[in-house]
Amino acid sequence: MISIDRRAFLAASTGVAATLAMPHVARAQTPVIMKIGSAPINDPQHEWMRIYAKHVEALSSGGIKCELYPASQLGAIPRMIEGTQLGTVQAWIGPPEFLTGIDARFSVLGAPYVFKDTAHAQRTLQNPDFADAYAHLGSNKGLRAISMFATSPGLFAMRSKIDDLAGFKGRKIRVFASAWQTEPLKILGATAVPMSLAEVLPALQQGTLDGVMSSISQFTTLRFHDAAPFAIDLGHAEVNVVAVASKRWHEGLSPALQKAVDEAGRLASREIVGPTAAFVAEQDRIWAQNKGTVLKISAADQARLKAEFAPIAQRITQDKPAEKAMYDLLVKAAQAVA
């Protein structure tokens, strides 16, 4: 027979009763998971993800935990964007032109001759009046822009050298399916060919494409210098990046966490500037090291091109008052920080 110490039994019983009588104490909250996806890896988009995660986790006091998925680990870009709209992915970062089908105003950042250079573009995108208006684009389609930044000038990498604007005539050039990129090529006499980035290098190698418009970072990462080593800078546009969060997910957060998500985006937009500049400088070096060249057009050609591109905004935004209003707001913001 097992002997039970009466005093020990009474003490234990009293402890259990006291525990049962205590009011319920909530456990420490499980952090909200924020999955962020992008297509590239080890580039400014990926670095932005790291910076953003640091800020949002600190501002939320650990209430939000970020999981970073670069290199299309969450699927192709269209799938990541769809996931963000549905809320299965909490945020995506990439070129705004991929959001054109959701709201054409996203791609207004590619309007020609709005920005003087990358630094001017960065100042413009951080203008509160413009940034706040831009944040609401796509809200009726489940998105909320939380951050944006400029990366580098938009260049054309060509299979053969172009010495002046006449050299664009008859060339087939890959661009995004955005009117802000296709219309300038029409004026230059070239054919705009929207296609996925994965198809570009084989098309350049086979000669079905003559060139591609993108950033120096894409040229080096995808080794375009092997097939299209002649880059030309028209000075007409900057390559920009936008991060969008799931509106459904954002609205399900507490006000404090919503504020953390938004503020972290603003902080990351500013903090990414230095790392992006350093990254682009390194890509310039790599491009040159691999015998890639960059030609800038003359001041005379620059002035002529600016005049020829001037009607593009009117052509694109006519009968589109919402898009015109966003373009006008971008121009006003650019002038304010010139």
Side-chain angles (χ1 to χ4, degrees), residues 39 76-78 94-101 104 106-114 152-219 221-240 287 292-298 301-320 323 327:
I77 289 175
E97 287 79 11
F98 282 105
L99 302 170
T100 301
F106 274 115
S107 59
V108 74
L109 302 186
Y113 290 111
V114 172
S152 60
L155 308 178
F156 293 91
M158 308 297 295
R159 281 167 48 88
S160 57
K161 187 178 179 182
I162 289 181
D163 295 312
D164 52 32
L165 298 179
F168 278 93
K169 289 183 179 178
R171 306 292 181 110
K172 300 182 293 297
I173 300 174
R174 184 266 183 181
V175 293
F176 285 119
S178 161
W180 296 104
Q181 292 198 2
T182 59
E183 287 297 319
L185 286 185
K186 289 180 183 178
I187 291 173
L188 289 169
T191 300
V193 185
M195 67 167 60
S196 70
L197 201 55
E199 300 175 274
V200 174
L201 184 57
L204 288 170
Q205 292 169 332
Q206 295 162 14
T208 53
L209 267 186
D210 297 303
V212 52
M213 180 186 174
S214 190
S215 66
I216 194 74
S217 303
Q218 290 284 3
F219 297 166
T221 302
L222 298 174
R223 299 188 64 81
F224 285 165
H225 45 70
D226 292 335
F230 303 102
I232 183 167
D233 181 4
L234 301 184
H236 75 298
E238 295 292 319
V239 175
N240 303 289
W287 181 255
T293 63
V294 178
L295 172 70
K296 291 183 180 290
I297 61 174
S298 68
D301 275 347
Q302 188 79 249
R304 173 188 149 202
L305 195 62
K306 191 171 184 178
E308 291 184 353
F309 281 5
I312 288 176
Q314 171 62 24
R315 190 180 306 164
I316 292 175
T317 62
Q318 64 182 350
D319 303 322
K320 299 175 183 175
E323 194 166 351
Y327 170 76

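Since the structure is predicted, the reported quantities are computational estimates derived from the model, not experimental observations.
- Tyr113 and Gln302 share a side-chain donor-acceptor pair at under 3.5 Å.
- Scanning all heavy atoms of the two residues, the minimum distance from Ala192 to Thr182 falls at CB-CG2, 3.8 Å.
- Interatomic distance, CG of Asn240 versus OG of Ser107, reported as 11.0 Å (0.5 Å rounding).
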* To do: Give the C-alpha distance, both sets of side-chain angles, the deciding distance and a yes or no for side chain to side chain contact (heavy atoms under 4.5 Å, CB included) between Tyr327 and Ile316.
  => CA-CA 10 Å; Tyr327 170 76; Ile316 292 175; over 6 Å; no

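- Proximity of His236 to Ile312: side-chain heavy atoms (C-beta onward) are nowhere separated by under 4.5 Å.
- Closest approach of Ala179 and Pro184 over heavy atoms only: O-CD, 3.9 Å.
- Between the Thr317 side chain and the Glu323 main chain, no donor and acceptor come within less than 3.5 Å of each other.
- Applying the salt bridge (charged side-chain N to carboxylate O under 4.0 Å, His left out) criterion to Asp233, with sequence neighbours excluded, gives Lys296.
- For the residue pair Ala237 and Met213, the shortest heavy atom distance occurs at CB-CE, 4.3 Å.
- Both cation-pi conditions hold for Arg174 and Phe176: the charged atom is under 6.0 angstrom from the six-membered ring centre and inside a 45 degree cone around its axis.
- Two residues are said to be in side-chain contact when any heavy atoms from C-beta on lie closer than 4.5 Å; Val193 and Leu209 meet this criterion.
- The CD atom of Gln218 sits 5.0 Å away from the CG atom of Leu197 when rounded to the nearest 0.5 Å.
- The structure places CD1 of Ile162 at 12.5 Å from NZ of Lys169, a figure rounded to the nearest 0.5 Å.
- Distance check: Lys172 NZ to Leu204 CG gives 10.5 Å after rounding to the nearest 0.5 Å.
- Here the straight-line distance linking atom CD1 of Ile297 with atom CG of Asp163 works out to 12.5 Å at 0.5 Å rounding.
- Not one N or O on the side chain of Arg171 forms a donor-acceptor pair closer than 3.5 Å with the backbone of Asp210.
- Contact between Ala307 and Pro311 at its shortest, heavy atoms only, is O-CD, 3.7 Å.
- Shortest non-hydrogen contact noted between Gln205 and Ala227 is CG-CB, 3.9 Å.
- For the residue pair Gln181 / Ser178, no side-chain donor-acceptor distance below 3.5 Å is found, with atom types taken as modelled.
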* Where do Leu165 and Leu234 land on the side chain to side chain contact (heavy atoms under 4.5 Å, CB included) test, with the steps shown first? -> CA-CA 9 Å; Leu165 298 179; Leu234 301 184; 3.9 Å; yes

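- No side-chain heavy atom of Thr293 sits under 4.5 Å from any side-chain heavy atom of Lys161.
- Contact check for Trp180 versus Thr100: no side-chain heavy atoms found under the 4.5 Å cut-off.
- Between the NZ atom of Lys306 and the CG atom of Asp301 there is a distance of 14.5 Å, given to the nearest 0.5 Å.
- For the ring pair (Phe, Tyr, Trp, His ring centres under 6.0 Å) test with Trp287, the passing option among Phe230, Phe224, Phe219 is Phe219; the others fail.
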* To do: Evaluate the side chain to side chain contact (heavy atoms under 4.5 Å, CB included) criterion for residues Phe309 and Leu188: first the C-alpha distance (whole Å), next the side-chain angles of each, then the deciding distance (0.1 Å), finally the verdict.
  => CA-CA 9 Å; Phe309 281 5; Leu188 289 169; 4.2 Å; yes

* Asked: Can you check side chain to side chain contact (heavy atoms under 4.5 Å, CB included) on Glu238 and Leu109, steps first, answer last?
  -> CA-CA 8 Å; Glu238 295 292 319; Leu109 302 186; over 6 Å; no

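- Contacts of Thr221 classified as side chain to side chain contact (heavy atoms under 4.5 Å, CB included), with partners at least two apart in sequence or in another chain: none.
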